[in-house]
Amino acid sequence: MSDSPRYRFAPSPTGFFHVGGARTALYNWALTLRTGGTFVLRIEDTDESRNSPEWTQGIIDALSWLGIDSSHPQFEGPYFQSQNADLHVKAAHRLFEQGNAYWCDLTGEQIQERAKASGKQGYDGYSRDRGLGPGPGHVLRFRVPEGTTVVNDLVRGRVEFANDTIEDFVLLRGNGTPMFLLANVVDDIEMNITTVVRAEEHLPNTPKQQLIWDALGVTPPVWAHVPVLVNEQRKKLSKRRDKVALEQYKSEGILPDAMVNYLMTLGWAPAGDTEIVPWQHIVDEFKLEDVNHSPAFFDIKKLNAFNGDYIRAMSFDAFINACQPFFSDAPWPTQRFDADVFKKMAPLLQTRVVTLSEVPAMVDFMFLENAVIDEDAWAKTMASDFAADVLRDFAASVETCEWNHDSLKALLEAWTESRELKLGKTQAPIRVAITGRTVGPPLFESIEVLGRDETVRRLHSALSRLG
RNA sequence: GCUCCCAUCGUCUAGUGGCCUAGGACACCACCCUCUCAAGGUGGCGGCACGGGUUCGAAUCCCGUUGGGAGUGCCA
């Protein structure tokens with residue numbers, strides 16, 4: 001066995017992939033690549049109610065979207081915790097035989113009653129010396145020794161826990177199945193994990209797990225507890241309150257590179273004056289020792305800013321390709337879509353969208369039979385005293401003019417000057433007539449792409465609507 | 001309640017005793033550019049939680065206070 005580090009990512013299948021989990025996975029992956037180590041994926045499906053096979057594929061797909069490819073030579077797994085149940089139980093019995101664990105027949109209610117009576121919280125070690133054996137409803141508890149447990153954490157430093165603040169926790173449930181704390185440790189030992197990088201919420205579990213490692217006679221791994229991601233209320237991101245599903249960001253048109261880059265800047269920053277850096281740069285620089293100690297706010301606004309940057313940096317072809325998935329539920333009839341028209345419009349859109357999902361709404365007027373007129377936009381722009389004139393005159397000259405955006409613009413400029421108006425004003429009614437809105441891609445380019453006949457038709461249509 | 005963690009602009013961060021009258025990014029504001037909206041450019045606003053030490057010198061080290069957070073399951 002080589003001594004290159006073995007990292008692991010151990011999500012429980014919960015039906016969707018959490019951005020916090022994504023960051024933890026990314027930290028592990030960056031380290032794996034940086035150190036030439038191994039990334040082990042283990043699905044923690046110990047709790048049978050959470051065991052849902054189709055979710056495993058969801059995890060693999062999400063990781064792959066992030067660039068963590070399960071066919072990469074440094075990727076190992078997925079393993080399933082449930083398949084190691086025998087090992088977990090075996091270890092539990094060994095712990096019992098060694099005197100590190102004991103059986104207890106107290107129910108949850110009885111424990112609560114005792115706690116209430118004594119005024120102390122939690123389990124009081126009642127069955128420690130009762131010499132119980134296994135039996136229906138009996139749980140196996142770890143016998144926490146006296147003393148102090150010191151956790152050496154790469155992010156936090158040295159953290160000390162007095163053992164008398166750690167209660168005798170459950171290893172095996174009353175039905176004989178293993179608990180997370182045990183299963184997690186046994187699997188880590190089995191898989192030769194050397195470095196455990198996980199969220200800070202696991203820090204209070206760590207002394208318990210380290211005690212299990214010790215009792216099993218194996219040197220504990222290197223721990224690293226990274227700060228949690230929080231919402232604007234500074235609470236841990238939760239599935240109920242917050243937008244945390246990676247899939248949702250994907251479907252809204254966040255680019256994986258942008259997500260990865262942004263996630264990596266939460267709790268850490270690349271050297272230099274820019275946070276937008278290529279993945280390889282991150283791999284070269286990322287160190288656990290540099291990770292911040294405090295919770296980081298997951299700021300969607302900043303994510304969007306990163307995304308806009310990444311979109312603008314895309315090549316023409318890459319942008320076109322990336323847009324494709326977002327046409328499936330676009331507002332126009334699919335048969336009216338014209339890929340060539342879209343290609344002409346694409347460069348005009350690329351600097352104007354922050355997420356890919358905004359693309360369809362920005363070109364819909366090209367593919368819709370008629371532009372959907374926004375009533376507010378109509379009211380605002382058609383009220384001017386020159387609206388009817390500019391529509392009529394522009395329609396007339398457009399019928400015969402040279403067909404490119406420069407001459408179209410020159411035409412309207414001339415008209416505008418003759419009336420001593422501003423182009424910013426006079427283009428508005430035309431824009432609404434053509435696109436239905438007051439904002440959108442550059443007007444004259446859009447008209448050029450739309451074509452003469454359709455332009456004239458829409459202009460006349462607006463005119464007749466004006467009455 | 002108890003255990004543990006944390007504390008630099010609104011937010012994410014740089015900063016590891018002098019290079020800091022604290023740097024960058026997002027957001028915000030102004031101006032420039034401009035056919036709308038963006039993009040881009042320039043400039044601006046804004047922070048070391050507080051109080052004690054240690055030191056010639058502290059955002060950086062120590063203690064306390066305050067304020068946040070996580071955990072506290074026969075969940076993971």
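Letters A, B, ... mirror the listed sequences (proteins, then strands); counts begin at 1. We use all heavy atoms of the structure for the numbers below, so side chains are in, but hydrogens, waters and symmetry mates are not.
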Less than 3.5 Å between a donor and an acceptor, one on the side chain of A:D273 and one on the base of B:A14, is that the case here? no
Quick one: does A:Q121 reach the base of B:G1 with a side-chain donor-acceptor pair under 3.5 Å? yes
Of the listed nucleotides (B:G69, B:U36, B:A76), which one gets closest to any side-chain atom of A:F180? B:A76
Picking from B:A38, B:G73, B:C35, which would you name as closest to the side chain of A:Q427? B:C35
Within residues 429-437 of chain A: residues closer than 4.0 Å to RNA chain B (heavy atoms): A:R431
Using ring-ring contact (aromatic ring centres under 6.0 Å, His included) as the criterion, list what pairs up with A:F169, not counting sequence neighbours. A:F142
Which heavy-atom pair separates A:P441 from A:L348 by the least distance, and what is that distance? CB-CB, 4.2 Å
What residues from residues 103-116 of chain A pass a heavy-atom cutoff of under 4.0 Å to RNA chain B? A:L106, A:T107
Can you tell which of B:A70, B:C74, B:G24 lies closest to the side chain of A:E275? B:G24
Non-neighbouring partners of A:H202 that pass ring-ring contact (aromatic ring centres under 6.0 Å, His included), sequence neighbours left out: A:F180
Any base atoms under 4.0 Å from A:P442, or only sugar-phosphate, or nothing? Heavy atoms, all strands. base
Answer yes or no: side-chain N or O of A:K302 and base N or O of B:A25 forming a donor-acceptor pair under 3.5 Å. yes
Under the ring-ring contact (aromatic ring centres under 6.0 Å, His included) rule, collect the residues that match up with A:Y249, sequence neighbours excluded. A:F298
Shortest side-chain distance from A:S294, nucleotide among B:G71, B:C6, B:A14: B:C6
Enumerate the side chain to side chain donor-acceptor pair (under 3.5 Å) contacts for residues 115-125 of chain A, please, sequence neighbours excluded, ordered by first and then second residue. A:R114-A:D124
Numerically ordered, the residues 370-384 of chain A set in heavy-atom contact under 4.0 Å with RNA chain B is none
For nucleotides B:C31 and B:A38, find the distance between their P atoms and express it as a whole number of Å. 14 Å
Take the protein atom CG of A:L172 and the nucleotide atom P of B:G73, then report the distance between them rounded to whole Å. 19 Å
Among B:C4, B:A25, B:C35, the one nearest A:E413 by side-chain distance: B:C35
Could one point to a donor on the side chain of A:R352 or the base of B:U36 with an acceptor on the other under 3.5 Å away? yes
Which of these nucleotides, B:A27, B:A39, B:U13, is closest to any side-chain atom of A:A296? B:U13
Of the options B:A14, B:U3, B:G69, whose atoms approach the side-chain atoms of A:F161 most closely? B:U3
Under 3.5 Å, is there any donor-acceptor pair linking the side chain of A:R156 to the base of B:C5? no
Nearest to the side chain of A:A305, which nucleotide is it out of B:A39, B:C6, B:C26? B:C26
Donor-acceptor pairs under 3.5 Å, side chain of residues 307-314 of chain A to any protein atom, not counting sequence neighbours: which ones?
from: A:N307; atom 1: OD1; to: A:L255; atom 2: N; distance (Å): 2.7
from: A:N307; atom 1: ND2; to: A:G253; atom 2: O; distance (Å): 3.1
from: A:N307; atom 1: ND2; to: A:V354; atom 2: O; distance (Å): 2.7
from: A:D309; atom 1: OD1; to: A:R312; atom 2: NH1; distance (Å): 3.2
from: A:Y310; atom 1: OH; to: A:N261; atom 2: OD1; distance (Å): 2.5
from: A:Y310; atom 1: OH; to: A:V277; atom 2: O; distance (Å): 3.4
from: A:R312; atom 1: NE; to: A:G308; atom 2: O; distance (Å): 3.3

Could you work out which one of B:A70, B:C35, B:U36 sits closest to the side chain of A:V439? B:U36
Both distances under 3.5 Å, Watson-Crick or G-U wobble: report the partner of B:C45, or none. none
When you measure from every atom of RNA chain B, which of residues 255-267 of chain A have a heavy atom less than 4.0 Å away? A:T265, A:L266, A:G267
So, under a plain 3.5 Å distance rule, would you say the side chain of A:E200 forms a donor-acceptor pair with the base of B:G71? no
Under-3.5 Å donor-acceptor pair between A:E44 side chain and B:C75 base: no
Before you tell me yes or no, could you show the steps for A:R198 and A:H225 under side-chain hydrogen bond (donor to acceptor under 3.5 Å, both in side chains), namely the whole-Å CA-CA distance, both residues' side-chain angles and the distance that decides it to 0.1 Å? CA-CA 5 Å; A:R198 67 212 321 194; A:H225 290 90; 3.2 Å; yes
Roughly how many Å is it from NZ in A:K120 to C1' in B:U3, rounded to a whole number? 16 Å
Pairing partner of B:C4 (Watson-Crick or G-U wobble, both distances under 3.5 Å): B:G69
Who pairs with A:R234 by salt bridge (charged side-chain N to carboxylate O under 4.0 Å, His left out), at least two apart in sequence or on another chain? none
Which part of the nucleic acid does A:E160 contact within heavy-atom distance under 4.0 Å: base, sugar-phosphate only, or nothing? sugar-phosphate
Listed nucleotide nearest any side-chain atom of A:A269, set B:U36, B:A14, B:G71: B:A14
Return the set of residues passing side chain to side chain contact (heavy atoms under 4.5 Å, CB included) with A:V150 (not counting sequence neighbours), or none when no residue passes. A:T148, A:N152, A:R158, A:E160
Note: contacts of residues 17-28 of chain A with RNA chain B (heavy atom, under 4.0 Å) are none
